[in-house]
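Have a look at the structure below before the remarks.
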Amino acid sequence: MKIFGVSVAVITILGIGLFLSLRAVNSNEKLQAYSVRNNHTYAYTSELETFSVPFLINDQETIHTLEDAIVRTTITCEDSEMIVPVDLETLQFVEAVDFLNAPFYSYNFLFTIGVYAEDLIINIDRASLVVEYLSGEKLTLDIGSFHYTFEAFDSEHLSVHTRFNIHQHFDQYPNSVGLIFSLENKTASVIEIIDVNFNSNVAANMAYMRTFEGDMDAFLTLETVYGEAIDVQSEKSLQSSPIRLDSMMTCSYVVPFAYGDDLFAMHRYPIIIEYLFNGEKHRMVVDDFLFIRTKPFHVFHASIHAEVVFYAED
Amino acid sequence: MKKIVLSIIIVFAFMMVQSSVFASEYLTYQSIRFDRFGGQLLRDYTKSDYEQYYDMLGGRRFWGWRTVTVMNNEPVTFQKETRYVITNQGTSPINKSYHFRLTESSKVQLSASGNIGISTSGNVRGFSLGLDANIDGRISNERSTTEEERVEIRMKVDPNTALKVAVYGEGYITNGVGKYYRFFINARTGGWEVFVLTTEYFSVVKEVIDEDLRR
């Protein structure tokens with residue numbers, strides 16, 4: 001009986017020792033995370049509105065996946081001259097995924113904006129999300145660009161009716177490449193549209209903006225609409241003359257996007273229309289809308305996914 | 001001895017009872033279209049298709065599944081229901097914000113025919129008797145839990161106008177047939193299908209309400 005008792009004790013001690021040594025090995029393993037470089041661009045609607053920042057990590061048993069371990073979250077620019085507080089609503093576990101042939105766990109930070117100021121416009125071309133933990137550790141994720149406008153929405157002159165996004169796949173990753181929208185001139189005068197933008201690094205390629213006639217469909221392509229391929233990685237070109245919208249008329253327009261070099265995803269965006277009414281310049285902000293919702297880590301895209309490599313602290 | 005034999009027969013008879021056909025939300029979409037010509041949903045298998053695919057299964061086995069994959073991660077596009085966010089039947093414009101919560105709990109959807117069953121454990125659904133492990137490793141890794149995002153749209157909706165959100169999307173279909181054996185006896189037979197939703201596309205449409213339809 002004594003021998004049995006001693007054996008059990010030895011086996012238990014060995015088991016605990018093995019468990020602790022394995023834990024020690026695990027804690028030194030390389031942690032690997034990926035973020036998504038998006039063109040984040042939002043228009044303030046209410047303090048309840050959220051936006052999401054997805055990220056991927058190869059270990060669920062770290063503080064980086066614990067909402068309660070997070071003490072502060074901010075969005076900063078490269079030189080830290082602008083620090084925007086964002087309030088973490090929740091950290092959601094989404095799913096286990098295979099990414100680049102390795103097992104990962106997909107999470108989603110859900111934020112509300114932590115500041116409010118009338119007519120403020122925030123523009124950060126190279127933005128990072130900085131997550132600070134109770135332990136003092138900081139996780140910095142490259143999230144692309146971050147833009148937020150607090151401008152008022154209403155226009156007494158114009159009304160936007162329909163919004164259809166045109167998308168295209170880049171290595172299987174869907175991204176917005178154009179917009180079809182219909183505008184109503186509610187006034188007794190002609191309105192001249194001089195610019196369309198998204199308060200983003202992505203521009204509307206105004207030289208190609210034209211009226212659109214035909215059925216709107218979520219699977220329309222730029223090539224179908226224009227009858228030729230349009231390079232969305234070009235620089236923005238200006239229109240030769242303003243587009244006229246006659247009094248009390250409703251007209252549909254199509255405009256392709258100009259991304260320049262960076263093809264960061266833009267799945268949700270507002271529309272800002274600048275126009276002339278009776279010779280005066282006006283600006284209309286159309287609230288942002290989510291046009292594409294995709295699995296951000298369904299496939300790897302070199303220019304969209306940013307890797308973060310760090311080591312777990314002992 | 002008689003009782004033992006009778007019990008075994010009852011147990012096997014119970015196992016052989018046809019279970020109901022399980023179907024998922026994606027089968028209610030307005031349309032599902034394969035990118036590749038010749039794509040086929042499980043619901044479109046004809047009797048002769050089943051016979052042809054069963055012939056490809058091979059011989060009986062002592063225990064476990066024999067499966068054949070007919071469509072393997074075939075890309076599809078679909079059109080879902082149109083969500084009516086608001087209809088203004090009043091006489092003055094409504095100018096406010098509307099929000100809809102996007103929740104995800106079913107990016108991977110399953111359906112089955114014959115007596116192949118679907119089991120649910122918490123948020124995770126899977127085919128019964130471990131069929132998942134026999135068809136495609138990728139499928140079992142893509143069980144989603146919950147993800148929620150609150151999207152607000154601030155828009156003016158004029159009288160006699162409806163604000164609608166149209167939903168389109170993309171995904172992959174994997175389907176096939178299978179037979180499950182116990183002691184060389186065929187216990188389950190049927191078709192299985194996995195739909196993986198990868199992307200949804202949303203559009204906003206404001207339309208004048210058709211007065212004739214309202215009457």
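Predicted model only: the values in this text are computed from it and were never measured. FYI, side chains are in, hydrogens and waters are out, and symmetry mates aren't considered; it's all heavy atoms of this structure. Order of the sequence lines fixes the chain letters, A, B, ..., with proteins taken first and strands second; residue numbering starts at 1 for each chain.
In this structure, B:Gly169 and A:Phe219 approach most closely via the heavy-atom pair O-CZ, 3.5 Å. Of all heavy-atom pairs spanning B:Tyr168 and A:Ala218, the tightest one is CD1-CB, 3.2 Å.
For an aromatic pair to be called close, the ring centres must be under 6.0 Å apart, and A:His298 with B:Tyr172 satisfies this.
Residues forming a side-chain contact (heavy atoms from CB on, under 4.5 Å) with A:Thr211 (at least two apart in sequence, or on another chain): A:Cys251, A:Tyr253. Here A:Tyr44 pairs with A:Tyr116, A:Phe150 under the ring pair (Phe, Tyr, Trp, His ring centres under 6.0 Å) rule; sequence neighbours left out.
Side-chain contact check for A:Lys295 versus B:Val196: some heavy-atom pair is nearer than 4.5 Å. When side chains are defined from C-beta on, A:Phe164 does not count as touching B:Val204, because their heavy atoms never get closer than 4.5 Å.
Of the N and O atoms on the side chains of A:His161 and B:Glu207, not one donor lies less than 3.5 Å from an acceptor on the other residue.
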- Message: Apply side-chain contact (heavy atoms from CB on, under 4.5 Å) to residues B:Thr198 and A:Gln172 and explain how you reach the verdict.
- Response: CA-CA 10 Å; B:Thr198 55; A:Gln172 295 185 59; over 6 Å; no
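In this structure, CZ in B:Phe202 is found 10.5 Å from CD1 in A:Ile292, a value given to the nearest 0.5 Å. Atom NZ of B:Lys206 and atom CZ of A:Arg163 lie 9.0 Å apart (nearest 0.5 Å). The distance from atom OH of B:Tyr201 to atom OG1 of A:Thr294, rounded to the nearest 0.5 Å, is 6.5 Å.
Neither the backbone nor the side chain of B:Gln79 comes within contact range of chain A; no heavy atom of the residue lies under 4.5 Å from a heavy atom of that chain. Only the backbone of A:Val160 comes within contact range of chain B, judged by heavy atoms closer than 4.5 Å. Contacts of A:His167 with chain B are made by side-chain atoms alone, with heavy-atom separations under 4.5 Å and no backbone atom involved.
Counting heavy-atom neighbours within 6.0 Å of A:Asp119 CG, excluding the residue itself, gives a total above 12. In A:Glu67, the CD atom is crowded: over 12 heavy atoms of neighbouring residues, nucleotides or ligands sit closer than 6.0 Å. The local environment of CZ in B:Arg33 is sparse, with at most 12 non-hydrogen atoms from other residues, nucleotides or ligands closer than 6.0 Å. Counting heavy-atom neighbours within 6.0 Å of B:Asp44 CG, excluding the residue itself, gives a total above 12.
No donor-acceptor pair closer than 3.5 Å links the side chain of B:Thr199 to the backbone N or O of A:Arg293.
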